[in-house]
Structure formats: structure tokens, C-alpha cells
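Working notes, structure below.
Worth knowing before you read on, the calculation uses all heavy atoms, side chains too, and leaves out hydrogens, waters and symmetry mates. Letters go in sequence order (proteins before strands), and every chain restarts at 1.
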Protein chains: 2
Amino acid sequence: MEEQKVIRSLSALAQEIRLRVFRALVVAGPDGMTPGALGDALDIAPTTLSFHLKELSQAGLIEPTREGRHLIYRADYAQMNALLGYLTENCCRGASCAEPVAPVCKTC
Amino acid sequence: MEEQKVIRSLSALAQEIRLRVFRALVVAGPDGMTPGALGDALDIAPTTLSFHLKELSQAGLIEPTREGRHLIYRADYAQMNALLGYLTENCCRGASCAEPVAPVCKTC
DNA sequence: TTAATAATTCAAGTATTATTGAATTATGGA
DNA sequence: TCCATAATTCAATAATACTTGAATTATTAA
């Protein structure tokens, strides 16, 4: 994972609404959630939510697919795992360190 | 780890200079590095570096100790591990998921 | 085709963050 | 004590990010 993508992902998660949205989608798992459901659950105005969903999408942390008149957003677990991996690489000059972090969720 | 501290830590890491500084300190391990050494290694102006070191310190990701006329900054591995743990909790409704992430470095 | 629903984009104003030179604090050595 | 070194804080400017109402796009049902 390249530095700019890491920064983009960290920036995306470093904001209250986006962190809550992302975590809600992580909890939701493969079912995902629509913007409407997220807005109801987290009490966020549609325009504001849309702005933050775009930020998370552009960072590659979530992805929307259309189903009829709904969009369904899902967390991208591979991207999440890659981000964690980057942050844990190279520590203490590579010696005596734990392996790169295990995948967050093996089944999702 | 509480939400506001997570956001503060993510914000601290979501910036090119700070991400590089933090990673340099993670690599340096227990020896740590002085602002002078970091500035030389990463080519950052003293005032700018000082601003970013403060951000990382206030987020709890690094900590300075004075030795003579030098300050030595070191990464806080416990804080780092707590942050990774937060991001990996509660996924997929707790079912069939990997354990919370192992510590980044068992020896530092 | 018209109306209703789901969600987005646009544009504006507001707020937060980053950079830099100059001034300041702290320490150690001559 | 006085000077040099190490690093920080201050203040001003520049750049980014956040929020919101109004307008727009896309889809489905009547």
C-alpha cells in the first residue's frame, strides 16, 4: 500500500461521522447498509452523510452498489487489513517483532 | 480506548510528515530519535517538525524525554496497539471474526 | 408520463489545520 | 557569567475540510 493511499485512508477514518459510519458498516458485514439506514441510525443529514460516504469511498474503505432505487454501502475488509498491515510494518528494524497483523475478519 | 482519542490518533497519523516521523520512531525502537536527527533524516524545518511532534505527542503516539540538551522522542507501542485494536473490534456482529489484533511488536 | 422516493452534486459560508520567520526557553561548556 | 546549541512557542498567512439548503440525477410505481 502506497503512502498517499494510507494517508487518505487514515484521513477518512479520522473524523467522528466517518469513523462511526465505517464501524457501522464493519458491524453490518456483507449485508451492508443504505445511506437512508445509516442516516437514521446515526442521525446525520443526507447531504452531510453523502459527503462523508464519498470520502470513505474515495479512500477505498467502503464501496457502494446499486440495488433498485437504493445504494448499498459495504466495508472493504481487504483495504482495512492492508491499512493495518502498513502501520505495523518495519517496527524495531524488523527484528524480534510480531508478524504483520492478521486479517480483521476471516469470514467477511 | 475512547472515540475521541481514536480520532485524535488517526488525525495525527493522517499527515505525510507525521506518518513518516512516527514510522521513523517505530523503526528506531527503544533508542528513539532527537528532533535534530529526525529533521536531518526527513528534511523538515525545525518549526514545522516541532509542530508535528507536538501533535503526535498530544495524541499519545510518541513521548519525549529530556537527556541533557537533547529531547529524545520514542513511539508508544501500547497506544499504537490500542488504536489497531479499536479499529478491528466488533466486526461482522462479533461472529466468526478473527481475534483482536496481536501487539505490533512484542519486544519493544 | 407524472409523481414520489433515494441519494447525490453544487455553491456558499464557517471552521480547522499547516507552514514559516522571529522571538523565547533551557542546557552545557568555555 | 556568557555564548552556542537544541528545541519550542508565537503570530500571521495560506491551505483544507466540514456543513447545509437548494437543485439535480436515477429509479420505481401509479
Within the pair B:Thr47 and D:dA7, is there a side-chain N or O less than 4.0 Å away from OP1 or OP2?
no
Carboxylate-amine/guanidinium contact B:Glu55 B:Arg8, below 4.0 Å
no
Rounded to whole angstroms, how far apart are CD on B:Glu67 and C1' on D:dA6?
14 Å
Any donor-acceptor N/O pair, A:Ser11 side chain to A:Ile7 backbone, under 3.5 Å:
yes
Walk me through whether A:Leu13 and B:Val6 qualify under side-chain contact (heavy atoms from CB on, under 4.5 Å).
CA-CA 9 Å; A:Leu13 293 171; B:Val6 170; over 6 Å; no
Can you tell me if A:Gln15 touches the phosphate of D:dT19, counting only side-chain N or O atoms and a distance under 4.0 Å to OP1 or OP2?
yes
Whole Å only: how far is the CZ atom of B:Phe51 from the C1' atom of D:dA15?
12 Å
Nearest-Å distance, NZ (A:Lys54) to P (D:dT16)?
17 Å
Side-chain donor-acceptor pair under 3.5 Å between B:Glu63 and B:Gln79, yes or no?
no
Does a side-chain N or O of A:Thr48 approach OP1 or OP2 of D:dT20 to a distance below 4.0 Å, or not?
yes
Under 4.0 Å between any heavy atoms, over every strand shown, what does A:Ser11 touch: base, sugar-phosphate, or nothing? Just pick one.
nothing
Between B:Gln58 (CD) and D:dT9 (P), how many Å, whole number?
9 Å
Specify the closest pair of heavy atoms between B:Ile62 and B:Tyr73, including all atoms of both residues, with the distance to one decimal.
CD1-CD2, 3.5 Å
Establish, with yes or no, whether the OP1 or OP2 oxygen of C:dA26 is under 4.0 angstrom from a side-chain nitrogen or oxygen of B:His70.
no
Go nucleotide by nucleotide along DNA chain D from the 5' end; which of A:Leu49 and A:Arg66 gets its closest nucleotide reached first?
A:Leu49
Both A:Arg69 and A:Ile17 contact DNA chain D. Taking the nearest nucleotide for each, which residue is further toward the 5' end?
A:Ile17
From CG of B:Leu13 across to P of C:dT17 the rounded distance in Å is 15 Å
In whole angstrom, what separates A:Glu16's CD from D:dT19's P?
9 Å
It should be established whether B:Tyr73 places a side-chain nitrogen or oxygen under 4.0 Å from OP1 or OP2 of nucleotide D:dT8.
yes
By the 4.0 Å heavy-atom rule, please label A:Pro35 as base, sugar-phosphate, or nothing.
sugar-phosphate
Expressed in angstrom and rounded to an integer, what is the separation of B:Leu19 atom CG from C:dA18 atom C1'?
16 Å
May I have the distance from B:Ile72 (atom CD1) to D:dT8 (atom P), rounded to whole angstrom?
13 Å
